[in-house]
Amino acid sequence: MSIIKIAGLDPSLRNTGVALGSYNLDTGEWGIERVAIVKTERQVTKQVRQNSDDYRCARELIRGTNKLLESHGATFVFAELPTGAQSARAMFSFGLTTAIMAGLTPPLIQVQPREVQQAVLGRAGKNKEAIIEWAVSKWPDAGWLTRKLKGEVKLMAVKLLADNEHLADACASIAAGIQTMEFAQALSLAEGFRKAA
């Protein structure tokens with residue numbers, strides 16, 4: 001079979017962006033079929049401890065992400081894992097999402113921020129708006145978050161840099177991931193097995 005299913009993730013404790021696509025083994029062409037977001041809401045109250053809420057959120061992320069990957073039939077998953085925490089709480093969240101990503105099926109191919117920026121922008125340097133514009137213009141019908149304004153459907157202006165950012169970053173993870181040595185090696189192994197069969 002020359003078409004395989006692939007996925008990209010932009011993991012975070014509250015909003016994990018997921019991009020579901022396909023890759024043509026013969027041509028190297030790829031595309032995004034749809035994007036989705038796995039959300040968790042903070043529910044800490046006097047009756048709910050922080051660690052209990054963190055546990056619940058982690059379970060929701062695992063279930064939601066695995067469900068999307070399973071239903072899509074992803075063979076390869078790419079993700080840029082979080083780095084650069086500015087606080088103890090952010091570092092905890094990064095550690096938790098990294099652990100969740102490590103337990104996903106199939107295992108993921110990790111990409112670095114610089115690789116993502118190079119793959120999408122052609123240079124290093126974070127530019128949220130440019131990555132969103134790149135993704136939306138390439139796959140306008142992938143399921144971006146929109147709203148109706150005066151009868152017209154528009155990308156959410158306020159959310160453009162919030163939730164749609166996670167979706168665009170998930171697409172960008174794929175763009176970087178298919179250029180990695182790990183992906184090339186995995187494809188070579190698969191081709192060897194296919195010829196031997």
My understanding is that a hydrophobic cluster links ILVMFWY residues whose side chain heavy atoms are under 4.5 Å apart, including indirect links. Using that, what else belongs to the cluster containing Val116?
Val111
Reported CG-to-CD distance for the pair Asn24 and Glu29, which is rounded to 0.5 angstrom
6.5 Å
Residues in side chain to side chain donor-acceptor pair (under 3.5 Å) with Asn51, at least two apart?
Arg49
4.5 Å side-chain heavy-atom contact, Pro113 and Glu80
yes
Can you name the side chain to side chain donor-acceptor pair (under 3.5 Å) partners of Thr40, sequence neighbours left out?
Arg14
Answer yes or no: is there a side-chain heavy-atom contact under 4.5 Å between Ile6 and Thr75?
no
Please confirm whether the backbone N or O of Ala176 pairs with a side-chain atom of Thr180, one donor and one acceptor, at under 3.5 Å?
no
From CA spacing to verdict: side-chain contact (heavy atoms from CB on, under 4.5 Å), Val136, Ile132:
CA-CA 6 Å; Val136 171; Ile132 294 169; 4.1 Å; yes
Mind checking ring-ring contact (aromatic ring centres under 6.0 Å, His included) for Trp134 and listing every partner two or more places apart, or none if nothing turns up?
Trp139
Using links of under 4.5 Å between side-chain heavy atoms of ILVMFWY residues, direct or through other members, which residues join Met91 in one cluster?
none
Kindly give the heavy-atom pair with the smallest separation between Ala7 and Leu69, and that separation in Å.
CB-CD2, 3.5 Å
For Glu33, which residues count as a salt bridge (charged side-chain N to carboxylate O under 4.0 Å, His left out) partner, sequence neighbours excluded?
Lys5
Determine yes or no for a side-chain-to-main-chain donor-acceptor pair under 3.5 angstrom, with Asn164 supplying the side chain and Leu145 the backbone.
yes
Can you see which heavy atom on Ile32 is nearest to which on Cys171, and at what distance?
CG1-SG, 3.9 Å
Pick from Asp54, Leu61, Asp53: which one makes a side-chain contact (heavy atoms from CB on, under 4.5 Å) with Cys57?
Asp53
Could you tell me if the side chain of Leu81 sits less than 4.5 Å from the side chain of Pro11, heavy atoms only?
yes
Residues Arg42, Gln50; criterion side-chain contact (heavy atoms from CB on, under 4.5 Å); working and verdict:
CA-CA 9 Å; Arg42 190 169 186 266; Gln50 181 69 60; 3.2 Å; yes
Give a yes or no on this: more than 12 heavy atoms of other residues, nucleotides or ligands lie within 6.0 Å of atom NZ of Lys67.
no
Per the side-chain contact (heavy atoms from CB on, under 4.5 Å) rule, which among Val38, Val77, Val35, Leu167 passes with Val18?
Val38
Checking Ser71 side chain against Leu68 main chain: does a donor-acceptor pair fall under 3.5 Å?
yes
Show me the donor-acceptor pairs, under 3.5 Å and distance only, between side chains in residues 92-110 and residues at least two apart or in other chains.
{"residue": "Ser93", "atom": "OG", "partner": "Arg89", "partner atom": "O", "Å": "3.2"}
{"residue": "Thr97", "atom": "OG1", "partner": "Ser93", "partner atom": "O", "Å": "3.1"}
{"residue": "Thr97", "atom": "OG1", "partner": "Phe94", "partner atom": "O", "Å": "3.0"}
{"residue": "Thr98", "atom": "OG1", "partner": "Phe94", "partner atom": "O", "Å": "2.8"}

Which salt bridge (Lys or Arg N to Asp or Glu O under 4.0 Å) pairs, counting each pair once, include a residue from residues 106-121, with sequence neighbours left out?
none
For Asp10, all residues meeting side chain to side chain donor-acceptor pair (under 3.5 Å), sequence neighbours excluded:
His166
Check against side-chain contact (heavy atoms from CB on, under 4.5 Å), Leu25 and Leu187:
CA-CA 8 Å; Leu25 293 168; Leu187 291 183; 3.4 Å; yes
Please name all residues satisfying ring-ring contact (aromatic ring centres under 6.0 Å, His included) with Phe183, sequence neighbours left out, ordered by chain then number.
Tyr23, Phe76, Phe78
Residues forming a side chain to side chain donor-acceptor pair (under 3.5 Å) with Glu60, sequence neighbours excluded
Arg56
Might you point out which heavy atoms bring Ile174 and Ala19 nearest each other, and give the distance in Å?
CD1-O, 3.9 Å
Looking at residues at least two apart in the chain, or sitting in another chain, which of them share a salt bridge (charged side-chain N to carboxylate O under 4.0 Å, His left out) with Lys138?
none
Nearest 0.5 Å, what's the CD-CD distance between Glu165 and Glu129?
9.0 Å
